[in-house]
Protein chains: 2
Amino acid sequence: MDDKRTGTRDRLLRAGEGLFRTQGYSGTGLKELAQTARAPWGSMYHFFPRGKEQLGEEVVAYAGEIYLGAWQAAFRRGGDPGVAIERVFLAEARLLAGSDYRDGCPIASVTLDVASVSEPLRAACASGFEVWLDAIAQGLIAAGAPADDAKALAGFILSAMEGAIVLSRAAKDTAPLLQSARFVRQAIEREAAGWLPPS
Amino acid sequence: MDDKRTGTRDRLLRAGEGLFRTQGYSGTGLKELAQTARAPWGSMYHFFPRGKEQLGEEVVAYAGEIYLGAWQAAFRRGGDPGVAIERVFLAEARLLAGSDYRDGCPIASVTLDVASVSEPLRAACASGFEVWLDAIAQGLIAAGAPADDAKALAGFILSAMEGAIVLSRAAKDTAPLLQSARFVRQAIEREAAGWLPPS
DNA sequence: GTCTATAATACGATAGAC
DNA sequence: GTCTATCGTATTATAGAC
């Protein structure tokens with residue numbers, strides 16, 4: 001099963017994820033993508049017969065699964081949920097600065113490029129985000145949140161994160177991520193106070 | 001001076017703003033843009049001799065100025081700053097749903113497409129966001145916020161807004177904007193409690 | 001499953017007439 | 001300031017040999 005991670009098809013998905021992050025879906029050519037993946041051009045339409053749109057859908061789903069683990073790991077490390085989420089923001093700030101502000105969110109990039117142009121791709125983006133939203137909500141529920149509170153809070157948390165990445169990339173500065181981290185943590189803690197008996 | 005708003009050059013800027021919103025910078029061709037603006041192809045390089053990059057820079061600056069008024073108007077209508085900002089989120093939700101989730105943020109779209117590819121365009125996006133951040137911070141300062149609190153809070157507010165637009169467009173649902181609106185308002189009110197003498 | 005070649009089109013950009 | 005024509009190049013996608 002591990003060989004799936006080294007095959008040509010998987011290299012194409014990983015290259016797509018990387019390129020969509022830095023230059024978006026429309027800004028990435030398939031030839032360039034195949035070259036980056038060190039994959040033969042013939043493999044492109046062998047593995048993705050429906051072309052760029054299919055590749056985009058699968059790259060987005062791939063990205064959704066990959067970063068699902070990061071959200072789950074944040075909660076698994078324990079501590080209150082506010083601190084857990086703040087850790088994710090700080091980790092993202094480090095990751096972004098470490099890549100010279102290239103490695104943004106591949107799903108957000110695809111969304112802004114083609115959500116209004118390709119309905120299948122828009123749906124793929126919605127599903128990818130949903131995977132993360134569910135993971136965040138699950139983490140909050142495990143910390144004592146009622147289900148509907150958890151859903152709403154998760155939407156807010158991921159929104160703040162995605163927007164902060166955009167602003168940080170534009171400014172080439174982690175400030176928006178760090179600023180958002182603090183307020184998001186406080187918002188979670190304020191909400192969590194209602195879940196548990198007051199000390 | 002008003003004729004600037006009806007000239008060919010201005011029609012090109014407005015068309016660029018609209019198209020970048022719905023299909024991003026890389027996804028928009030210059031021929032398509034000129035056609036949308038009902039501008040002759042010859043005008044493209046007459047008004048923007050440096051080509052697409054220059055057009056992009058000016059579209060982003062144009063968008064920055066346009067929406068500056070919306071942020072200022074929100075605070076000018078009075079009420080506490082939390083309610084003022086919540087109004088902007090709700091207005092954006094209406095605008096987005098009313099356009100069938102096409103009219104996102106043009107600066108965010110350009111940022112994700114080319115922030116890591118064109119340094120001049122990245123700087124233009126940073127300046128555009130900065131215009132909005134300053135307007136938000138000024139509104140908060142007018143409501144009693146210390147300058148550095150205002151800056152940080154503004155970064156958080158705009159991050160939440162931009163991210164919520166991305167999620168709402170992907171889901172074709174205003175939920176992320178509405179969810180974020182509530183938590184952002186609460187965060188502002190919580191912060192504002194420290195600026196004024198407790199009632 | 002890979003390779004080469006190529007079709008058909010769109011891209012950004014330029015030239016020169018008017 | 002506009003119009004038309006066009007140059008290279010890059011794009012997505014196919015075809016057919018191996």
Side-chain angles (χ1 to χ4, degrees), chain A residues 2-20 22-60 109-110 113-114 116-122 124, chain B residues 2-20 22-60 109-110 113-114 116-122 124:
Chain A
D2 272 3
D3 53 359
K4 286 184 67 180
R5 302 214 190 94
T6 56
T8 300
R9 184 189 157 88
D10 201 72
R11 286 208 311 282
L12 287 169
L13 290 178
R14 277 210 301 271
E17 192 230 334
L19 290 172
F20 291 174
T22 67
Q23 48 185 20
Y25 176 84
S26 303
T28 301
L30 293 183
K31 286 223 165 79
E32 174 191 18
L33 200 157
Q35 197 169 356
T36 302
R38 283 185 302 276
W41 173 241
S43 305
M44 190 83 249
Y45 285 85
H46 172 73
F47 290 113
F48 307 98
R50 275 180 22 249
K52 193 180 188 181
E53 193 172 59
Q54 180 183 4
L55 175 81
E57 290 171 28
E58 302 205 24
V59 165
V60 165
S109 295
V110 176
D113 272 352
V114 291
S116 306
V117 175
S118 160
E119 174 58 21
L121 265 173
R122 193 228 97 226
Chain B
D2 274 3
D3 55 359
K4 287 183 67 181
R5 300 212 190 94
T6 56
T8 300
R9 184 189 157 87
D10 201 72
R11 286 208 310 282
L12 287 169
L13 290 178
R14 278 210 300 270
E17 192 230 333
L19 289 172
F20 292 173
T22 67
Q23 48 186 15
Y25 175 85
S26 303
T28 301
L30 291 184
K31 289 220 165 79
E32 174 191 18
L33 200 158
Q35 197 169 353
T36 302
R38 284 187 301 276
W41 172 242
S43 305
M44 190 83 250
Y45 285 85
H46 172 72
F47 290 113
F48 307 98
R50 273 180 23 247
K52 192 180 189 182
E53 193 171 59
Q54 179 183 3
L55 176 81
E57 291 172 27
E58 301 205 23
V59 164
V60 165
S109 296
V110 176
D113 272 352
V114 290
S116 306
V117 175
S118 160
E119 174 59 21
L121 265 172
R122 194 228 96 227

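Below, read A as the first sequence line, B as the second, and so on, with proteins coming before strands; counting in each chain starts at 1.
Within residues 43-53 of chain B, the residues having any heavy atom under 4.0 Å from DNA chain D are, by residue number, B/S43, B/H46, B/F47.
Put simply, CZ on B/R9 and CE on B/M44 are 9.5 Å apart, with the number rounded to the nearest 0.5 Å. Rounded to the nearest 0.5 Å, atoms CG (B/L13) and OG1 (B/T8) are 11.0 Å apart. Between atom NE2 of residue A/H46 and atom CH2 of residue A/W41 there is a gap of 14.5 Å, rounded to the nearest 0.5 Å.
One atom, CD of B/Q35, and another, P of C/dA10, lie 11 Å apart when rounded to the nearest Å. Put simply, CD on B/E32 is 15 Å from C1' on D/dT11, counting in whole angstrom units. Rounded to whole Å, the distance from CZ on A/R11 to P on C/dG1 is 13 Å.
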Scan nucleotides 4-9 of chain C against the protein and return all N/O pairs shorter than 3.5 Å with their distances rounded to 0.1 Å.
residue, atom, partner, partner atom, Å
C/dA5, N6, A/W41, NE1, 3.3

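Judged by distance alone, the side chain of B/D113 and the main-chain N or O of B/G24 form no donor-acceptor pair under 3.5 Å. Using a distance-only test at 3.5 Å, with no hydrogens or angles considered, a donor-acceptor pair links the side chain of A/S109 to the main chain of A/F20.
For A/Q35, the CD atom sits in a loose shell: 12 or fewer heavy atoms of surrounding residues, nucleotides or ligands are nearer than 6.0 Å. In the displayed structure, B/E32 atom CD is contacted under 6.0 Å by more than 12 heavy atoms of other residues, nucleotides or ligands.
Within 4.0 Å (heavy atoms only), B/T28 reaches sugar-phosphate atoms of the nucleic acid but no base atom.
Look at B/T8 and you'll find a side-chain N or O under 4.0 angstrom from OP1 or OP2 of D/dT2.
A salt bridge between A/R14 and A/E17 is absent, with no side-chain N of the basic residue lying under 4.0 Å from a carboxylate O of the acidic one.
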